[in-house]
Protein chains: 2
Amino acid sequence: MTEIEKLTEERIFDAATEVFLERGMDGARMQEIADQAGINKSLLHYYFRSKDRLFDAVFEKVAAGMFSRFSPLLDPELSLEEKISFFFREHISFLEKNPRLPSFLLNEINRNPKRMKEIIRRLDIGKIYDILEQQHGEEFKQLGITPSLVPQIMISVGAMSVFPFAARGIVETLLEKAGLNFKDFIEERKTFAAGFVIRAFHNKPT
Amino acid sequence: MTEIEKLTEERIFDAATEVFLERGMDGARMQEIADQAGINKSLLHYYFRSKDRLFDAVFEKVAAGMFSRFSPLLDPELSLEEKISFFFREHISFLEKNPRLPSFLLNEINRNPKRMKEIIRRLDIGKIYDILEQQHGEEFKQLGITPSLVPQIMISVGAMSVFPFAARGIVETLLEKAGLNFKDFIEERKTFAAGFVIRAFHNKPT
DNA sequence: CCTATCTTTGACCAATTGGTTAAACCATAT
DNA sequence: ATATGGTTTAACCAATTGGTCAAAGATAGG
């Protein structure tokens with residue numbers, strides 16, 4: 001693979017990422033991707049055989065980028081509270097730079113659950129569950145958190161981080177009423193979410 | 001408007017709702033809606049001039065159905081804790097019957113923020129904020145919740161309820177690992193989410 | 001310089017899609 | 001019965017879309 005070829009392929013991939021994130025698989029047009037990359041439409045098919053394959057490549061990379069941000073949760077050096085604080089700070093900062101990502105992923109997961117589950121399974125999200133159980137099982141027991149509640153907590157943590165971006169249109173409408181803006185809201189959320197979850201943690205269920 | 005006409009229009013509307021929820025605006029096909037309704041494609045245009053208008057009608061009704069479920073939050077007879085418990089029970093039950101709704105709404109809001117914000121503004125979500133402040137402002141103050149944190153809490157509550165359905169593909173992959181199933185997870189969530197939020201509430205921020 | 005291989009392009013295609021239209025259908029009132 | 005009005009249909013259309021193909025350009029080896 002020559003250097004120029006790599007560059008072209010990369011330009012196409014980046015352009016496709018941008019367009020797919022903006023419009024979704026169904027809304028994206030091959031012509032728009034070609035324009036964005038500054039090349040002929042035929043070249044798209046030369047490098048990636050079809051729209052489907054191009055989309056798959058983009059989706060896989062984008063999903064991997066998203067879930068790789070869960071790494072703080074795996075660090076055995078960190079306490080539970082530290083993990084939660086680090087996670088929200090890093091994950092929300094990441095979404096700040098990629099605000100279209102949540103809505104894109106959620107929509108495409110729903111559009112084709114089977115294909116997407118396969119990709120997600122390959123990213124091995126399940127291992128986060130295993131490691132949390134392994135590193136903090138004792139702590140969970142003391143807090144009265146039964147094994148079935150661990151997924152509840154994990155999903156809640158994800159929701160707290162992802163939802164404001166996925167539902168940005170609603171959030172902004174609400175913030176308008178309160179005289180706030182989205183940027184400040186997100187900045188505040190990094191610490192709010194951590195505190196919220198930690199407080200919910202450190203009390204026996206009613 | 002005759003009775004038969006009403007029936008036809010309703011059949012079209014219901015079919016359109018089903019197809020749009022399943023496929024989204026871009027993915028939906030007028031032919032599929034016609035088939036689903038058991039009528040000719042031309043009739044779609046006879047009753048609703050264009051795909052856009054048909055979609056707008058569906059979106060508005062569907063969004064209204066979603067947000068009307070927030071009504072427990074407005075009841076002055078309920079305490080804050082009761083509101084939270086009632087809300088999760090009712091809202092999650094509603095989503096159980098309409099599992100495609102969250103992903104559909106989130107995606108379409110993102111696809112056309114302007115048009116959607118207008119519709120959402122008409123549904124007046126902001127009034128929930130006002131009423132909460134008005135009915136529980138004193139309580140908030142005692143709990144150390146500043147005005148800017150109220151939207152944080154509202155979004156968090158929405159996220160806890162909506163996200164599991166919007167991200168169902170991810171949730172199911174995670175539950176697989178833990179040996180659980182989605183239905184049970186959702187049933188458990190109605191009470192878990194309420195307890196989670198209430199506990200996060202009733203402690204001073206660290 | 002010439003050939004062989006890879007890259008890039010423009011012209012083209014078949015299929016799909018939202019939408020139109022004129023005619024057929026059907027109920028009802030006169 | 002038949003004229004009138006709204007309702008429904010089949011046939012059709014223009015535009016768009018993903019994809020193909022043969023030829024032109026570029027690049028490197030001999």
Side-chain angles (χ1 to χ4, degrees), chain A residues 1-62 104 107-108 111-112 114-116, chain B residues 1-62 104 107-108 111-112 114-116:
Chain A
M1 191 182 291
T2 70
E3 192 56 28
I4 175 74
E5 179 175 352
K6 203 173 183 177
L7 267 172
T8 305
E9 189 169 334
E10 213 169 284
R11 274 220 324 280
I12 292 175
F13 188 87
D14 291 347
T17 303
E18 204 167 312
V19 174
F20 278 132
L21 275 175
E22 178 85 13
R23 309 232 186 265
M25 166 67 171
D26 287 333
R29 298 289 158 244
M30 294 296 268
Q31 186 59 58
E32 189 178 353
I33 295 173
D35 291 347
Q36 179 80 24
I39 50 135
N40 190 283
K41 185 165 63 101
S42 302
L43 258 198
L44 298 183
H45 294 91
Y46 180 75
Y47 282 98
F48 304 83
R49 288 181 53 80
S50 67
K51 187 184 182 185
D52 271 296
R53 280 166 186 267
L54 179 53
F55 176 80
D56 279 353
V58 168
F59 181 89
E60 189 141 1
K61 178 138 182 198
V62 150
F104 168 76
N107 182 49
E108 299 302 338
R111 199 178 57 85
N112 194 336
K114 269 186 208 155
R115 184 166 53 163
M116 297 312 151
Chain B
M1 191 182 293
T2 68
E3 192 56 28
I4 174 73
E5 179 175 351
K6 203 175 186 174
L7 266 173
T8 305
E9 187 168 337
E10 214 170 283
R11 273 219 325 280
I12 292 176
F13 188 87
D14 291 347
T17 303
E18 203 167 314
V19 173
F20 278 133
L21 274 176
E22 179 86 12
R23 309 231 186 266
M25 166 67 171
D26 287 334
R29 298 290 159 243
M30 294 296 267
Q31 187 59 58
E32 188 178 354
I33 295 174
D35 292 347
Q36 180 81 22
I39 51 136
N40 191 283
K41 186 165 64 102
S42 301
L43 259 197
L44 298 183
H45 294 92
Y46 180 74
Y47 282 97
F48 304 82
R49 288 181 52 81
S50 67
K51 187 185 182 184
D52 271 295
R53 282 166 185 266
L54 179 52
F55 176 80
D56 280 351
V58 167
F59 182 88
E60 189 140 1
K61 177 138 184 200
V62 149
F104 169 77
N107 182 49
E108 298 302 338
R111 201 177 57 85
N112 195 336
K114 267 186 208 154
R115 184 166 52 163
M116 298 312 151

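Naming: A, B, ... by sequence-line order, numbering from 1 per chain.
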Nearest-Å distance for atom pair CD1/P, residues A:I39 and C:dT9: 7 Å
Quick check on the 6.0 Å ring-centre criterion: do A:F20 and A:F104 meet it? no
Nearest 0.5 Å, what's the CE-CG distance between A:M25 and A:N107? 12.0 Å
Checking A:N112 now: which residues fulfil side-chain hydrogen bond (donor to acceptor under 3.5 Å, both in side chains) with it, not counting sequence neighbours? none
Report the distance from atom CD of A:E32 to atom P of D:dG18, rounded to the nearest whole Å. 10 Å
So does A:T8 get a side-chain nitrogen or oxygen closer than 4.0 Å to the phosphate oxygens (OP1/OP2) of C:dT7? no
Take the protein atom OH of A:Y47 and the nucleotide atom P of D:dG19, then report the distance between them rounded to whole Å. 18 Å
Please report the C-alpha distance between B:T17 and B:K61 in whole Å, then the side-chain angles of each, then the deciding distance to 0.1 Å, and finally whether the side-chain contact (heavy atoms from CB on, under 4.5 Å) criterion is met. CA-CA 9 Å; B:T17 303; B:K61 177 138 184 200; over 6 Å; no
Using atom CZ of B:R23 as one end and atom P of C:dT17 as the other, report the distance to the nearest whole Å. 11 Å
Roughly how many Å is it from CD1 in A:I12 to C1' in C:dT7, rounded to a whole number? 11 Å
Are A:Y46 and D:dC21 close enough that a side-chain N or O sits under 4.0 Å from OP1 or OP2? no
Any residue meeting salt bridge (Lys or Arg N to Asp or Glu O under 4.0 Å) with B:R111, in chain and number order, not counting sequence neighbours: B:D26, B:E108
Might you list the N or O atoms of the protein lying below 3.5 Å from N or O atoms in nucleotides 18-24 of chain C, with each pair's distance?
unit_1	atom_1	unit_2	atom_2	d
C:dG18	OP1	B:A28	O	3.3
C:dG18	OP1	B:R29	NH1	3.3
C:dG18	OP1	B:K51	NZ	3.1
C:dG18	OP2	B:M30	N	3.2
C:dG18	N7	B:K41	NZ	3.2
C:dG19	OP2	B:H45	NE2	3.3
C:dG19	OP2	B:K51	N	2.7
C:dG19	N7	B:K41	NZ	2.8
C:dG19	O6	B:K41	NZ	2.6
C:dT20	O4	B:S42	OG	3.1
C:dT21	O4	B:S42	OG	3.4

For A:F48 and D:dG18, give me the distance from atom CZ to atom P, rounded to whole Å. 16 Å
Can you measure from NE2 (B:H45) to CZ (B:R53) and round to the nearest 0.5 angstrom? 11.5 Å
Between C:dT17 atom P and B:L44 atom CG, what is the distance in whole Å? 14 Å
Return the value, rounded to whole Å, for the distance between atom CG of A:L54 and atom C1' of D:dT17. 15 Å
